[in-house]
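Each remark here refers to the structure printed beneath this line.
Since this is a predicted model, take the numbers as computed values, not measurements.
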Number of protein chains: 2
Amino acid sequence: MSTPGPRRTTIKDVAELAGVGVATVSRVLSGGSASAETRERVLDAATKLDYRPSALGRNLRQQRSGGVALLVPDITDGFYARLCDGVLSCARSYREPVTIGVTGDDAEQEADLVGGLLEQSMDRIIAVPTGDGEMWASAVRAGLNVVFADRRVWSPGQHARALDEVPAVLTDDRSGLRTAIEYLTGLGHRKIGFLARQGMSHRVAAFREAMGDLLDEDLVVFARASRDSAYAAAAGLFQRRADLTAVIAGGNMLGEAAVLAARELYVRIPRDLSLIMFDDVPWAELCSPPLTVIAQPASDVGYRAAELVLRHGRRPRTVSLPTELIVRSSCAPRR
Amino acid sequence: MSTPGPRRTTIKDVAELAGVGVATVSRVLSGGSASAETRERVLDAATKLDYRPSALGRNLRQQRSGGVALLVPDITDGFYARLCDGVLSCARSYREPVTIGVTGDDAEQEADLVGGLLEQSMDRIIAVPTGDGEMWASAVRAGLNVVFADRRVWSPGQHARALDEVPAVLTDDRSGLRTAIEYLTGLGHRKIGFLARQGMSHRVAAFREAMGDLLDEDLVVFARASRDSAYAAAAGLFQRRADLTAVIAGGNMLGEAAVLAARELYVRIPRDLSLIMFDDVPWAELCSPPLTVIAQPASDVGYRAAELVLRHGRRPRTVSLPTELIVRSSCAPRR
DNA sequence: AATGATGATGGAATCGTTTCCATGAGCACT
DNA sequence: AGTGCTCATGGAAACGATTCCATCATCATT
């Protein structure tokens, strides 16, 4: 059943046709030194035979498979989809294939995935990490070339060293949140809630910091990765605290849940509750009312991360990309 | 700079520790025959050394790299994101890595991507194809194991043979459209438009067929892959044909564009225009009014496609998954 | 003219696995 | 006891590239 087909043309065939040794062919094709005449003969032979070097042979020899791995919590989330798109688009210009894995924000799955990557001798990886500092530290010790995107791993104590070396491409949540909260307080809001998902500890920390004296710990709630959990968290918060007048959703799935929960509970936006959502997705504008958001350059995050991991230059420092508050109609003055 | 690190443990190390030959180790680990005692010794040694077979060596030997490739037009489109998710989730259970490429609905990029895959000796690929029958035919002739998802390639003449062999996992657009159109005509609509994107010829064909006598060729418009183009197409149609009373958007990006264009042009949905959108995305419910949609099991499409390409069983036939009309509030009787 | 330096070149080793084949042991049957 | 069979087993040959190293030619310098 399988194609017995004609053997694929190897470097040996090219060498034979060109009347040179395989070493010479390899050198010519990878830009080494060779006489002009030889170079031409080799190139001729290669095109004549339509020779494509086998990545397999190369990889084995060099003890590393090409390409980049990309680990995201959920590819279905518009933010991560755009991040992937950025990575993909940068990787294409380097002609590097991208292997994608979904962690589901679960440390165990993440470790599994990384294990599989190691087995494949993948040595470059872009990850939106999920917590386990131990695992990541051991991965970089194992020689893995890691770049974090969107968030970095919380480095508790001993791993700090290894992990602080890891470059990351982040969004400037801190300033985004500060702007958003200033905007809300400017509208008179004092009781401001935060809808988070596990793995958003950095964002929650930034929220706490930006809230300062206004912070009410009871108003920050966590959801698990699923849509249902997000809905439950939002609905729970809205019911529990009738004094809530504004809420910030830590991501687009949380924002979606907030809109849904509000509608279900007859909480009117923005009349009864002001809402700001992290991440500007296309539907934010279609929503009624159109949602005020903190826009993040998701695609750029991916692109830059890919650049960091693909460019062989010197170790670059972590970079933080700006966010922007886009005011639409989901916030109103406190009544 | 690079980690000189301790050499990774190879099959040879295991063989040595177990006091057997490498061939035996290989056999034991891949389920070949061996005496109980030897098996135990080998397994012991393997766990003691924490041995992980190198995918590189295996791949070179077997002349094929493991894993699956997945080609989608746009990973940013919620439908394809869910499709990817389905593929990923099936592939994980087989412990196979997935390499994703974005074609942008462009035949040239698609061909490029496939070329790269060939170079990597990837021999299994799931694709949402973009047109060029010639290319796909030659790919399957080259021994590539192809499964089409969401749509198949239009097989013109000579390639028909090779391409009809290729299994595909599709959604039952035909019946979805028939239901939708019956619903609309039931509401009294006669002038029904269709918003398509290039690459949706199958869906357009189904629309034409289902419309029968009602078909007005001037009411089906095509957009290119971008959001802007989708908007332009929708706005253009709405302005050009004031007699239009209902429209079906061929995908969620088209639907989004339709909602936006309608709002911009003060066309009220559903009062002035009824709208049905292909693909049920989370925001369809958040939209105002909530959109009536033709739901597609995107994730299942991906999952099934992955099953087809990963399961080594006998060649399966093309399968078509059911769609469902979900009535919300974006359609009203013709006034 | 002898020596050294430079540069192009090809043979062979190497990467880690799977798989072909030969070997030898154990056993049953004549 | 000899023959034939079935098994477990290990050595060695692939797979296709890169790269070390030795070889040789060419040319400049003393």
Side-chain angles (χ1 to χ4, degrees), chain A residues 2-43 45-46 49-67 118-123 143, chain B residues 2-43 45-46 49-67 118-123 143:
Chain A
S2 68
T3 342
R7 223 176 79 281
R8 86 179 271 158
T9 72
T10 76
I11 199 174
K12 220 168 161 183
D13 301 322
V14 178
E16 202 162 334
L17 180 58
V20 300
V22 292
T24 305
V25 176
S26 174
R27 262 188 306 255
V28 168
L29 262 33
S30 43
S33 72
S35 76
E37 194 226 340
T38 313
R39 158 161 290 121
E40 185 169 359
R41 278 226 311 280
V42 169
L43 260 28
L49 293 175
D50 187 36
Y51 167 67
R52 313 281 167 142
S54 152
L56 260 35
R58 191 204 331 272
N59 289 348
L60 177 56
R61 175 61 223 243
Q62 324 202 116
Q63 296 281 71
R64 60 200 279 304
S65 57
L118 260 312
E119 204 158 300
Q120 302 284 328
S121 299
M122 286 245 166
D123 63 343
Chain B
S2 66
T3 341
R7 226 178 76 280
R8 83 180 275 159
T9 71
T10 76
I11 199 175
K12 220 167 160 183
D13 302 321
V14 178
E16 202 162 332
L17 180 59
V20 300
V22 292
T24 305
V25 176
S26 174
R27 262 188 306 255
V28 168
L29 262 33
S30 43
S33 71
S35 75
E37 193 226 342
T38 313
R39 159 163 287 121
E40 184 168 0
R41 277 225 311 281
V42 169
L43 259 27
L49 294 175
D50 187 35
Y51 168 67
R52 313 282 167 137
S54 152
L56 260 34
R58 190 205 330 271
N59 290 347
L60 176 56
R61 176 60 224 240
Q62 327 203 112
Q63 296 281 70
R64 62 202 276 309
S65 56
L118 260 313
E119 203 158 301
Q120 302 285 329
S121 299
M122 286 244 166
D123 64 343

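- Taking 4.5 Å as the limit, some side-chain heavy atom of B/Val20 sits within range of a side-chain heavy atom of B/Val25.
- Residues B/Leu29 and B/Leu43 form a side-chain contact, since some pair of their non-hydrogen atoms from C-beta on lies under 4.5 Å apart.
- The pair B/Arg41-B/Glu37 meets the salt-bridge criterion, since a charged nitrogen lies less than 4.0 angstrom from a carboxylate oxygen.
- Residue contacts shown for A/Ser26 include a base, since a base heavy atom lies under 4.0 Å away.
- Mapping B/Gly21 and B/Gln62 onto DNA chain D by nearest heavy atom places B/Gly21 at the nucleotide closer to the 5' end.
- Contacts of A/Ser30 with the nucleic acid, taken as non-hydrogen atoms under 4.0 Å apart, are absent.
- Between atom CD of residue B/Gln120 and atom CZ of residue A/Arg52 there is a gap of 12.5 Å, rounded to the nearest 0.5 Å.
- On the nucleic acid side, DNA chain D has its first and last nucleotide under 4.0 Å of a heavy atom of chain A at D/dG16 to D/dT19, going 5' to 3'.
- Within 4.0 Å (heavy atoms only), A/Ala34 reaches sugar-phosphate atoms of the nucleic acid but no base atom.
- A 4.5 Å side-chain heavy-atom check between B/Leu56 and A/Leu56 finds every atom pair outside the cut-off.
- Scanning DNA chain C 5' to 3' for nucleotides with an atom closer than 4.0 angstrom to a non-hydrogen atom of chain A gives a first and last hit of C/dA8 to C/dG16.
- Two residues, B/Ser35 and A/Thr24, neighbour DNA chain D, and the one matched to the more 5' nucleotide by heavy-atom proximity is B/Ser35.
- Residue B/Glu40 places its CD atom among 12 or fewer non-hydrogen atoms of other residues, nucleotides or ligands, all under 6.0 Å distant.
- Residue B/Gly57 is in base contact, counting any heavy-atom pair closer than 4.0 Å across all strands shown.
- Residue-level contact check: B/Leu56 touches neither bases nor backbone, having no heavy atom under 4.0 Å from any strand.
- A/Thr10 places none of its side-chain heavy atoms less than 4.5 Å from the side chain of A/Ser54.
- When atom types are taken as modelled, the side chain of B/Arg58 and the backbone of B/Gly66 share no donor-acceptor pair closer than 3.5 angstrom.
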